[in-house]
Number of protein chains: 2
Amino acid sequence: MWENDFYNEHDKMYIATDCIIFGFDEGVLKLLIFKRKVQPNKGEFSLIGSFVKLNEDVSEAANRVLEETTGLKNVFMQELKTYNTVDRDLGFRCISVGQYALIRIEDYDKVLVEKYGAMWYPFDEIPNLVLDHNTMVKDAISRLRRKARYQPIGFELLPEKFTIPQLQSLYEAIYQREMDSRNFRKKVLSFGVLIKLEEKDKTRSKKGAFYYKFDNEKYSELLSKGINFEI
Amino acid sequence: MWENDFYNEHDKMYIATDCIIFGFDEGVLKLLIFKRKVQPNKGEFSLIGSFVKLNEDVSEAANRVLEETTGLKNVFMQELKTYNTVDRDLGFRCISVGQYALIRIEDYDKVLVEKYGAMWYPFDEIPNLVLDHNTMVKDAISRLRRKARYQPIGFELLPEKFTIPQLQSLYEAIYQREMDSRNFRKKVLSFGVLIKLEEKDKTRSKKGAFYYKFDNEKYSELLSKGINFEI
DNA sequence: AAAATAAATGTATTTTTTACGTTAATTATT
DNA sequence: AATAATTAACGTAAAAAATACATTTATTTT
């Protein structure tokens, strides 16, 4: 090793990762948190996180702990930023890489989450979290909002088949504001990346709304041409 | 310490930071790199970077090494992302936090940079760099471009007093495309964050162009109202 | 005095965004 | 069987923003 006499076994640098997982559930934006069962901060609320092992990438560490803690597998997360100030953790130097995701909350997820002691908490009622985790959540939501403006992120976290009113309600949850249904429909359809299906969703209205699916091929094609998907 | 039997003195996690510093110099966008004088990779080109010490924040580490290597002080950098794959470095586990900045290249900077062995390299002629540093540069420029679209980042890296043609040429360098001078002027003035000065810059035209300065107060005021500064 | 140079300005056209009301398909109710 | 209730689907007009484009102005150099 080279010029690195910085650390010895008593002065180590630790790397952790914390997951800011948003879920969308019947019109409500939720956040995945859990109540710590062990020290430190036993009994307090926390994001789900872990130290990063020497032989794993940061995203691997995050997926490992997510599966251990909630049963959720293969969640695609994006890096948010590092939390690296010298004094952020208690008693030792630890840098945490925040990672966020926005996923569909399916019924089976709810069961798993309950079983493991984690929970989906409505976004606007989030309690105090340990350390700088509330800051992480704040950073993540504003990043998510910005991102949603130039990527059709919304599509990624609805079921395979979804209706336009559903998609709209998702965007309304992300942005926390109401949108005009006529203009919304016009806009999303104008991208040309939605395929209309024959089938209708009759569970939430008498008339029923047509299902659509996302045209991944068309999407990558347009993306490579530098098209913007601002909603 | 808690549940962290991950590392011992033979298996350490190292944290580094690498600086992707863009500079704007007479219409040309440049990148700060240097030729390594020591092993490893002696003689190859590299970004400027350092290990992060236990008692310093990541941005402190970056500013320390920047000053050591170039004489530049107090550069305001933004975090780009981490480079954390298990195999990215040679022989030991090292996560690097990429940080980028866009600064004014002033004449005295050039001298300092030369004296210390670093150099400003035209952005479109960047050579092969060590490790994953070329990837970092690619990531940084695309982040910078995106950022420049919603923040008046351009103002930050011109001299205190600057002319509108200068500002335009900066944006043209960032985006690598020409813009219409009439529309550009209209747009930037419409934000209402530029203060016109009496004085003119006569160094680059016979007629001379009026200097402007940036109205920081007005800017923060508008920013807090959620105004967008898309150029 | 004339030529040269880049700065400054305005307007018409196109495109995008916003605002807003009506009809359509279906189920539930009588 | 008819009616009421409910949300989906659709189109157009107005306003705002972006784009395209040509001339005049201030100054220095010749």
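Below, read A as the first sequence line, B as the second, and so on, with proteins coming before strands; counting in each chain starts at 1. Computed from a predicted model, the values in this text were never measured in an experiment. All heavy atoms count here, side chains included; hydrogens, waters and symmetry mates do not.
- To the nearest angstrom, P of D/dA9 lies 12 Å from OH of A/Tyr211.
- For the side chain to side chain contact (heavy atoms under 4.5 Å, CB included) test, residues two or more places apart in sequence or in another chain that qualify with A/Lys200 are A/Lys202, A/Lys207, A/Phe210.
- Under 3.5 Å, the side chain of B/Lys207 and the base of C/dA7 form at least one donor-acceptor pair of N or O atoms.
- One atom, CZ of A/Phe184, and another, C1' of D/dA9, lie 15 Å apart when rounded to the nearest Å.
- Between A/Gly208 and A/Ser181, it is A/Ser181 whose nearest contact on DNA chain C lies nearer the 5' terminus.
- Atom CD of A/Glu114 is surrounded by 12 or fewer heavy atoms from other residues, nucleotides or ligands within 6.0 Å.
- Whole-Å rounding puts the B/Phe210 CZ to D/dA26 P distance at 9 Å.
- Listed nucleotides C/dT27, D/dG11, D/dA8 differ in distance to A/Ala209; the shortest reach to its side chain belongs to D/dA8.
- In this structure, A/Ile164 atom CD1 and C/dA25 atom C1' are separated by 17 Å, rounded to whole Å.
- No side-chain donor-acceptor contact under 3.5 Å links A/Asp201 and A/Thr163.
- Per the geometry, NZ belonging to A/Lys196 stands 10 Å off C1' belonging to D/dA8, to the nearest Å.
- Residue B/Asn183 has its side chain nearest to D/dC21 when only C/dA24, D/dC21, C/dA7 are considered.
- Using a 4.0 Å heavy-atom criterion, one finds that A/Lys186 contacts the bases of the nucleic acid, with or without backbone contacts as well.
- Heavy-atom nearest nucleotides on DNA chain D were determined for A/Lys206 and for A/Lys200, and the one closer to the 5' end corresponds to A/Lys206.
- Below the 3.5 angstrom threshold, one finds no donor paired with an acceptor across the side chain of A/Arg182 and the base of D/dA8.
- Within the nucleic acid shown, B/Arg185 comes within 4.0 Å of at least one base atom, counting heavy atoms only.
- Under the 6.0 Å cut-off for aromatic ring centres, A/Phe214 and A/Tyr219 qualify, their centroids lying closer than that.
- Rounded to whole angstrom, the span from the CG atom of A/Leu197 across to the P atom of D/dA9 amounts to 12 Å.
- If you take CG of A/Leu194 and C1' of D/dA8, they are 16 Å apart, rounded to a whole angstrom.
- The side chain of B/Lys202 approaches D/dT27 more closely than any other nucleotide in the set C/dA8, D/dT27, C/dT26.
- Figure legend: cation-pi geometry between A/Lys161 and A/Tyr211, with NZ or CZ positioned under 6.0 Å from the six-membered ring centre and within 45° of its axis.
- As a whole-Å value, the separation of B/Met179 CE from D/dT19 C1' is 13 Å.
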